[in-house]
Every structure is written in structure tokens, then in C-alpha cells.
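When reading the values below, keep in mind they use all heavy atoms of this one structure, side chains included, and skip hydrogens, waters and symmetry mates. For ligands, and for the atoms within them, numbers begin at 1 and follow the listed sequence.
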Amino acid sequence: MLTAERVDAQADVHAWSMDAARTDPTLSPLPEGDAVDRLEQQLRTDGVRWIIGTATNAAGLVLAKSIPAPRLTAFVRSGCGLSPAHNAYGVDGSVVDAASVPHVGDLRLRLDPSGVRMIGDGIAMGPTDTFFQDGTPDPACPRVVLAKAVRDLAEQGLHAMVGHEVEFVLVRPDGSLLDPGNWRPYGANALLGQEELVLDLLAGFERAGIGVEQVHAEYGEAQFEVSLGPDDPIRSADALITARVLIVRTARRHGLMASFSPLPEVGKVGNGAHQHLSLRRGNEPLFSGGDGPHGLTGEGAHAIAGLVRGLPQAQAVLAGSALSGARLQPGGWSGAYACWGRENREAAVRFVTDGMSNPHGANVEVKMIDASANPYLATASLLGLALDGIRRRLPLPAEVTTDPADLSDTDRVHAGVTRLASDQAAMVDALESSEEMRRILGDPVVTAVLAVRRHEQVLFAGMPPEGVAAALRLAWS
Ligand code: GLU
Ligand code: MG
């Protein structure tokens with residue numbers, strides 16, 4: 001178990017995990033030898049024996065290859081081998097439809113030394129990018145795709161920051177639900193009921209150099225949230241993956257497990273994976289300082305228009321699992337309607353203005369995303385849709401200032417507010433026929449996402465939602 005003394009002893013770990021080996025976050029295929037040498041030295045000093053490199057696939061599963069620490073350079077330069085089929089391992093652990101995802105061939109998972117973080121007990125972990133054997137980047141690699149979305153923005157002089165919220169429900173190791181006891185949503189004693197676990201978690205985040213903004217007991221029974229600070233989109237997604245691993249690792253040490261499933265139990269509150277996004281041109285924010293509604297600049301308004309318009313097409317990526325539709329019900333603050341509104345928790349795009357209560361500045365919180373999404377692909381989708389809105393100068397739709405469920409059908413049609421799909425087949429069809437999403441993510445990614453989502457459709461056809469929720473409770477853990 002982690003102790004305060006050990007955290008103190010490693011107080012400078014933050015420095016190396018964030019800075020020592022930083023390379024270009026928009027993907028530098030072969031990092032400088034110096035960066036690798038510095039990291040190697042630091043890992044040795046910190047007693048790291050084992051390095052795990054993660055690859056998150058189209059079904060949102062966090063996969064990994066690992067090496068003994070002395071083989072760091074090989075992991076960074078030549079990579080570890082993995083079948084191209086890995087991108088389409090399904091939520092049940094089986095390999096999906098061989099026709100859409102090749103089973104022959106080998107990919108190289110190359111560790112990005114800039115993302116390596118200490119997760120404790122001699123173990124370090126970092127993200128990988130996928131390359132073909134000849135050294136060209138794999139267009140189906142989610143991290144490569146996000147790097148491209150970041151570059152597309154940069155070519156237009158735009159930069160993004162992203163912050164992730166991590167909701168999870170603590171369950172027993174076999175996935176069964178805990179007795180809620182005296183649970184109260186946002187309860188102080190609900191939070192303190194897991195005080196040892198939370199303290200260990202905070203120690204783990206600190207050691208890994210992951211900035212935590214806040215921790216609270218959420219609305220659902222045994223549900224908690226950790227909100228992460230904003231950062232460059234790639235580093236943020238990397239931090240999110242490490243955060244999920246740390247949450248599971250810590251829960252396990254306390255005899256529990258953590259479920260990130262969109263809906264751990266039917267009829268209860270779901271888990272969101274909300275992403276906060278802000279954009280700036282040079283140093284000028286797009287979501288504040290302008291003369292549009294709530295200080296929106298013209299480009300900020302177009303970006304929100306692009307997001308709201310594109311969410312239904314991106315839903316299979318953002319919240320497209322067999323359970324995601326059941327989470328996206330009105331009244332659960334999951335953002336079940338494709339619309340936007342200031343501080344509107346029922347809108348898929350909640351606008352958060354700047355001001356003294358918001359030191360990070362104005363941003364949009366895309367609430368409909370859940371943890372069945374690959375976070376790299378989810379962010380790439382948001383960036384691509386926002387950029388599309390800016391390029392096409394899409395007009396900002398009317399702001400929704402009330403609960404969209406309270407509007408009459410006519411008013412919703414008038415305001416252009418649509419309900420996001422709750423049927424997985426509809427999400428899959430919308431992605432399949434979206435030229436825009438194919439442009440943003442590329443055909444190989446769309447093919448992989450369609451394959452894993454269709455696999456779920458077949459797997460759970462005819463199964464009552466309670467069965468699906470139980471089957472998938474630990475799928476993303
Ligand atoms: N648990 C809700 C969801 O499924 C979100 C609650 C909140 O706004 O924090 O997205
Ligand atoms: Mg929350």
C-alpha cells in the first residue's frame with residue numbers, strides 16, 4: 001500500500017514525468033536520443049523495473065505491452081509487436097469480424113517517452129503510438145489520429161486545451177454492487193466512507209504527476225468523480241488513461257473494483273466521461289472576450305455550431321456502446337439532447353463562461369461522452385467538428401436556457417434541438433454515412449469503430465438491458 005512517506009520521497013517525480021522527456025505532443029516519430037537517455041536515467045534513479053505501454057482501442061479498451069526497464073530504448077525505437085486486429089478486440093474480449101480488421105500482419109507499438117509516468121512500486125506507464133513495420137504511422141492508431149486533428153487546428157492558427165472528468169462506481173471485485181448504506185449524493189460522509197481509498201488515489205495521482213482539480217461523491221450510489229486539469233489534448237488523453245488505470249489499481253488494493261461503464265445498473269445514474277474543451281487563436285480565447293452571447297467570439301460561435309450539429313454523427317464514437325443509449329436519458333445530466341446552453345446540464349454541450357469562479361477560462365463541456373469511447377478518438381472528433389464549424393462559418397443555433405425535455409415537440413423542432421439516439425443501430429448508421437466523420441477520423445478508424453459496435457449489437461441482440469449492464473459492468477475496467 002502507498003504511504004505518505006513514499007510519496008514524499010518521490011516528490012520530484014512530477015518533474016520528470018511532465019518535463020524530463022517531453023517531446024512534440026503532436027507526435028514525433030523518433031524522439032531525440034537525449035530525451036530517452038534522460039528518461040532512462042530517471043527511471044533507474046526511481047527504481048523502475050517495469051514499463052507498461054498502453055494502446056487504447058476502438059472499443060475503448062486499454063490494452064498494453066510491457067518491457068523490463070533496461071529495454072526502454074527498444075520500446076521507444078523499434079516498438080513491441082501487436083496484431084492489427086487489436087484495434088477491434090470487442091468488449092467481451094473476443095476478436096471481431098475478421099473481414100473488416102486484418103488478422104495478418106504486425107504493428108509496432110512505440111512508447112512515447114514524453115508520456116511516461118510513475119504509477120508506483122517500480123512500475124512506470126506511458127502511451128504508445130502504432131506504426132507499421134516500415135516505420136510509417138498507422139492511420140488506425142487513435143493517438144496518431146488525434147495528433148492529426150491537433151495539427152489541422154494548428155495549421156489554422158488554433159490551439160485546444162482539454163480537461164477530462166472521470167466518473168466511476170465502486171463495486172465488489174466480482175462486479176456486484178455494494179450495499180449503498182447511508183449514501184447521499186455529493187455527501188460528505190459518502191466521500192469519507194472511502195477516505196483511505198481516496199487518499200491513496202490522490203497520492204498515486206501526485207506521484208504520476210496528474211493534476212487533479214477535485215474529487216467528490218457523485219449522484220449515484222457508490223459513484224465518485226475525479227476531475228482532471230486542462231492540458232494539451234494528447235497529454236490530457238494520456239493522463240486520463242493513466243488515471244483510469246490508477247483508479248482500478250487503487251480500488252483493487254482496497255478489495256474493490258471500479259466500474260466506468262456508461263450504465264453500471266439499469267435505472268440508476270450512469271457514468272459520464274465529460275470533456276471540457278477550450279480553443280484559442282494565438283493567445284486569444286475563442287469562448288470569451290467577443291461580442292456574441294456570453295462573450296463568444298464569432299469563431300467560438302461557429303465552433304459550438306459545428307459541435308452541436310456533428311454530435312449525432314459522432315455518437316457511435318463518443319457514446320456508442322450497447323449501453324450508452326440507456327445512459328443518455330433526459331434527467332440524468334448526461335446531455336441527452338444535441339443543443340447548447342450556458343450552465344445547462346441537460347444539454348450535450350454545456351457552456352461555461354469565464355470569470356472569477358472559473359480560473360481556466362470559458363470552455364464547453366461535452367457531456368454526452370462516456371467511457372466506452374476511446375478518449376483520443378473522442379477528442380479528435382470534437383476538434384474536427386469544431387474546426388469544421390469554423391471553416392464553414394456555421395451559424396450558432398439558438399441557446400437552450402431550460403431543460404430541453406420541458407420544451408414541446410414543436411418548440412424543439414423550432415429550436416433545432418434533437419434527442420441523441422438511444423438505439424445503437426441508429427448511432428452506427430449515422431457514423432457509417434457521415435462523410436464528415438470519415439474526413440476527421442479516416443476510414444480505417446471508422447471501420448474499426450463500426451466493427452466493434454456492430455459486434456456488440458450481435459452479442460447483445462435480444463438481451464434485456466439489465467443483462468447487458470451486468471455483462472459490461474467491468475468491461476472498461
Ligand atoms: N453521471 C452523469 C452522466 O452520466 C453526469 C453527472 C454530472 O453532471 O456530473 O453523465
Ligand atoms: Mg460528474
Side-chain angles (χ1 to χ4, degrees), residues 60 162-171 177 180 183-188 190-191 194 198 201 212-230 240 243-244 247 258-277 307 311 314-315 317-352 357-358 360 363-373 375 378 382 400 403-405 419-422 427 465 468-469 472-473 475-476:
V162 174
H164 293 277
E165 295 186 4
V166 194
E167 290 186 338
F168 58 96
V169 169
L170 290 175
V171 297
L177 299 167
W183 184 268
R184 292 286 179 277
Y186 309 105
L191 191 56
Q194 291 294 346
V198 173
L201 199 52
V212 172
E213 295 273 302
Q214 59 174 41
V215 184
H216 60 266
E218 254 295 339
Y219 199 90
E221 287 160 8
Q223 189 183 37
F224 292 82
E225 175 175 326
V226 178
S227 329
L228 307 182
L240 171 65
R244 287 196 190 142
I247 290 168
S259 167
F260 302 105
S261 161
L263 198 60
E265 196 188 14
V266 173
K268 296 277 169 69
V269 179
N271 286 319
H274 311 172
Q275 295 198 11
H276 288 258
L277 166 70
L307 284 171
L311 290 180
Q315 205 183 332
V317 179
L318 303 176
S321 75
L323 272 178
S324 298
R327 163 183 166 257
L328 282 175
Q329 300 301 319
W333 293 358
S334 57
Y337 290 92
C339 61
W340 77 282
R342 180 174 181 229
E343 293 300 358
N344 192 338
R345 286 181 165 76
E346 285 294 308
V349 179
R350 169 188 169 212
F351 185 68
V352 185
S357 53
N358 177 18
H360 293 305
N363 61 80
V364 290
E365 179 190 22
V366 182
K367 290 182 71 72
M368 42 88 75
I369 306 172
D370 67 43
S372 70
L382 302 187
V400 175
D403 182 345
R419 175 82 193 272
L420 289 164
S422 41
M427 303 173 197
V468 183
L472 292 182
R473 197 168 290 145
W476 295 276

Could you tell me whether Gly332 and ligand 1 have an N or O pair separated by under 3.5 Å?
-> no
Please identify which atoms of ligand 1 are closer than 4.0 Å to at least one heavy atom of His274.
-> 3 (C), 5 (C), 7 (C), 8 (O), 10 (O)
To which of Glu165, Met368, Lys367, Glu225 does the heavy atom nearest atom 8 (O) of ligand 1 belong?
-> Lys367
Considering the heavy atoms of Val269, write down every atom of ligand 1 situated less than 4.0 Å from one of them.
-> 1 (N)
Is there a donor-acceptor pair under 3.5 Å between the side chain of Gln223 and the backbone N or O of Gly270?
-> yes
Please test His360 against Glu213 for side-chain hydrogen bond (donor to acceptor under 3.5 Å, both in side chains), starting from the C-alpha separation and ending with a verdict.
-> CA-CA 11 Å; His360 293 305; Glu213 295 273 302; 2.9 Å; yes
Donor-acceptor contact below 3.5 Å, side chain Glu165 vs main chain Val226 | no
Exam field: side chain Arg473 to backbone Pro264, donor-acceptor pair closer than 3.5 Å | yes
Hey, could you give me each pair passing salt bridge (charged side-chain N to carboxylate O under 4.0 Å, His left out) that has a residue in residues 317-339? Not counting sequence neighbours.
-> none
Which residues pass the side-chain contact (heavy atoms from CB on, under 4.5 Å) test with Ala378, sequence neighbours left out?
-> Gln275, Leu318, Ile369, Ala373
Heavy atom of the protein closest to atom 7 (C) of ligand 1 (residue, atom name, distance) | Glu167 OE2, 3.7 Å
Note: ligand 1 atoms sitting under 4.0 Å from heavy atoms of Gly272 are 3 (C), 4 (O), 10 (O)
Flag, side chain of Lys367 to backbone of Val349, donor-acceptor distance under 3.5 Å | no
Among protein heavy atoms, which sits nearest to atom 4 (O) of ligand 1, and what does the distance come to when rounded to 0.1 Å?
-> Arg327 NE, 2.8 Å
Tell me the protein N, O or S atoms under 2.8 Å from the Mg ion (ligand 2), in chain and number order.
-> Glu167 OE2, Glu218 OE2, Glu225 OE1
For the pair Glu346 (side chain) and Gly331 (backbone), establish whether a donor and an acceptor sit closer than 3.5 Å, ignoring hydrogens and angles.
-> yes
Considering only the protein, which heavy-atom contact is closest to atom 9 (O) of ligand 1, and what is its distance?
-> Glu218 OE2, 2.9 Å
Just distances here: any N/O of Arg345 and N/O of ligand 1 closer than 3.5 Å?
-> no
Output yes when a side-chain donor or acceptor of Asn344 lies under 3.5 Å from a complementary backbone atom of Arg350, and no otherwise.
-> no
Residue list, ring-ring contact (aromatic ring centres under 6.0 Å, His included) with His216, at least two apart or on another chain | Tyr186
